[in-house]
Structures are given as C-alpha cells and as structure tokens.
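Quick note: residue numbers are just sequence positions, from 1.
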Amino acid sequence: MFGAASGGDTSGYGRLVRRVQLPGQAERPYGSYFDEVADELEHWLPGFDDAVERVVVDRGELTLVVRRERLVDVMRTLRDQPSLRFELCLGASGVHYPEDEGRELHVVWPLLSMTHNRRVRVETTCPDADPHVPSVVAVYPTDDWHERETWDMFGVQFDGHPALTRILMPDDWPGHPQRKDYPLGGIPVEFEGAEIPPPDTRRAYS
C-alpha cells in the first residue's frame, strides 16, 4: 500500500515515499454527462471562471476544483438549479500534500444527484499557513460531522461551522494525526504484563 516493490518493509516506517502526480485540466469533450454538468454550472454560476480553477476528469470521475472564496456559491448552485440538483453531500475528506506548495491541504466533497442519478466531486485547497475553508453546513447540513472529522484529522478550519470541535481524538490532543508531517510513532500500548512500544521505535526492516 506504500508503493514498495521490493524489500521487507511494508509498514511504511522505513520512510518510503511514493510521489503523487495530481491530474491537470481535462480537455473537452469530457465525456459522459460531464460536459452537461460543466455547461449548466457555467450558465447558472455568476463569475464561473473566477470560481472554478479547473475541471478534472480522472479515473472516470468529474472533479470541479474551486477557489475556497467561492466554495459556498458553487455548492449552492449545484444543489438548487433544477438542471443540476445535487441534493446529497456524501461527506468531506481531507488530504495533505506537503509538497503542493501554497495548497498543502485539500478538501473533497462527493455530491450525488438523486434526481438525475449523477455524481460530481468538488475540491478546494488552502495553505498550511492559512488553513481556512468556508463551511458548507448551511448548504448541506449532513456535512456537520464530516467537517468536524476533517478538522480533527487534518487541521482544516471550517469557517462558519456551528460547533467545530474534535470528534475522534480527545479535546486536548496535540496535532492532527492524518497529516503527513504527524509523527508515525503513535503512543505506547499497554497490555497486562507487557508494554508494546510505538511502531517507529521497534526493529527496522531492510
């Protein structure tokens, strides 16, 4: 799962790194219903070119990469326009790309149109130095706990969220465990009569 092709270390603690190449702008025609979704959004969203940085088609999925300042406008248009009608938000997922300078933190929202049986992904980014993204809970109330989880694990501040608190880790937990700059070692685990040390302090494999 860490991209290792040889050697005995499959744990990831040997500092193995797999380079990630993010997909770029797709060229028309996008295929499937993707062109119609992009055209309808461009028609109904004022300032489309200012809001949507690029349209990505990768692995059979349509992703709209939007500027965080226009995120709520895009979401509301996708939800409310009869020709789009993406009524259901399936959550928010954080991703940390430390080498994507100025855009280290990404958040992805998968949307589903039950009316038209279509799916689209909306993605936005923010830098480590300013980890703020508008909350979409006012548009999709079911995203409440998903945004809390993304804050807990990645440290993305969802501005306007009604109660942005930790959901998985203790309230006083330092850091955000799913970030790639978070220590891999974890904490020691105690069992009856024994203590298991953190993984990064155990024997190394070569």
Checking the side chain of [X] only, and the main-chain atoms of [Y] only, is there a donor and an acceptor separated by less than 3.5 Å?
{"X": "R119", "Y": "E61", "value": "no"}
{"X": "N117", "Y": "S113", "value": "no"}
{"X": "E123", "Y": "T63", "value": "no"}
{"X": "E104", "Y": "G102", "value": "yes"}
{"X": "T150", "Y": "A92", "value": "yes"}

Write down the atom of [X], the atom of [Y], and the distance for their closest heavy-atom approach.
{"X": "G160", "Y": "S135", "answer": "C-CB, 3.9 Å"}
{"X": "L105", "Y": "P127", "answer": "CD1-O, 4.5 Å"}
{"X": "A129", "Y": "P131", "answer": "C-CD, 3.7 Å"}

Quick check: is [Y] connected to [X] through a chain of hydrophobic side chains (ILVMFWY, heavy atoms under 4.5 Å apart)?
{"X": "L88", "Y": "V137", "answer": "no"}
{"X": "Y30", "Y": "V66", "answer": "yes"}
{"X": "V156", "Y": "V72", "answer": "yes"}
{"X": "M75", "Y": "L41", "answer": "yes"}

*asked:* Is it the case that over 12 heavy atoms from other parts of the model lie below 6.0 angstrom from the CZ atom of R68?
replied: yes
Do the side chains of [Y] and [X] get nearer than 4.5 Å, heavy atoms only?
{"X": "R118", "Y": "E36", "value": "yes"}
{"X": "V122", "Y": "V136", "value": "no"}
{"X": "V37", "Y": "H116", "value": "no"}
{"X": "D144", "Y": "P162", "value": "yes"}
{"X": "R28", "Y": "V55", "value": "no"}
{"X": "Q178", "Y": "H96", "value": "no"}
{"X": "E53", "Y": "Q25", "value": "no"}

At what distance, to the nearest 0.5 angstrom, does [atom1] of [X] lie from [atom2] of [Y]?
{"X": "D128", "Y": "E101", "atom1": "CG", "atom2": "CD", "value": "10.5 Å"}
{"X": "L64", "Y": "F48", "atom1": "CG", "atom2": "CZ", "value": "7.0 Å"}
{"X": "I167", "Y": "M153", "atom1": "CD1", "atom2": "CE", "value": "9.5 Å"}
{"X": "D143", "Y": "W109", "atom1": "CG", "atom2": "CH2", "value": "7.5 Å"}
{"X": "L90", "Y": "L111", "atom1": "CG", "atom2": "CG", "value": "7.5 Å"}
{"X": "R103", "Y": "T124", "atom1": "CZ", "atom2": "OG1", "value": "8.0 Å"}

*In the hydrophobic clustering (ILVMFWY, side-chain contacts below 4.5 Å, transitive), which residues join V56, or is it alone?*
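When side chains under 4.5 Å apart are linked, the cluster holding V56 also contains V65.
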_Any pair counted as salt bridge (Lys or Arg N to Asp or Glu O under 4.0 Å), so long as it reaches residues 145-172, sequence neighbours left out_ = D152-R166
_Please identify which of these residues, F34, F86, Y33, meets the side-chain contact (heavy atoms from CB on, under 4.5 Å) condition with V120._
F86
*Contact list for residues 141-171, test ring-ring contact (aromatic ring centres under 6.0 Å, His included), sequence neighbours left out*: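 Matches after skipping sequence neighbours: W151-H176.
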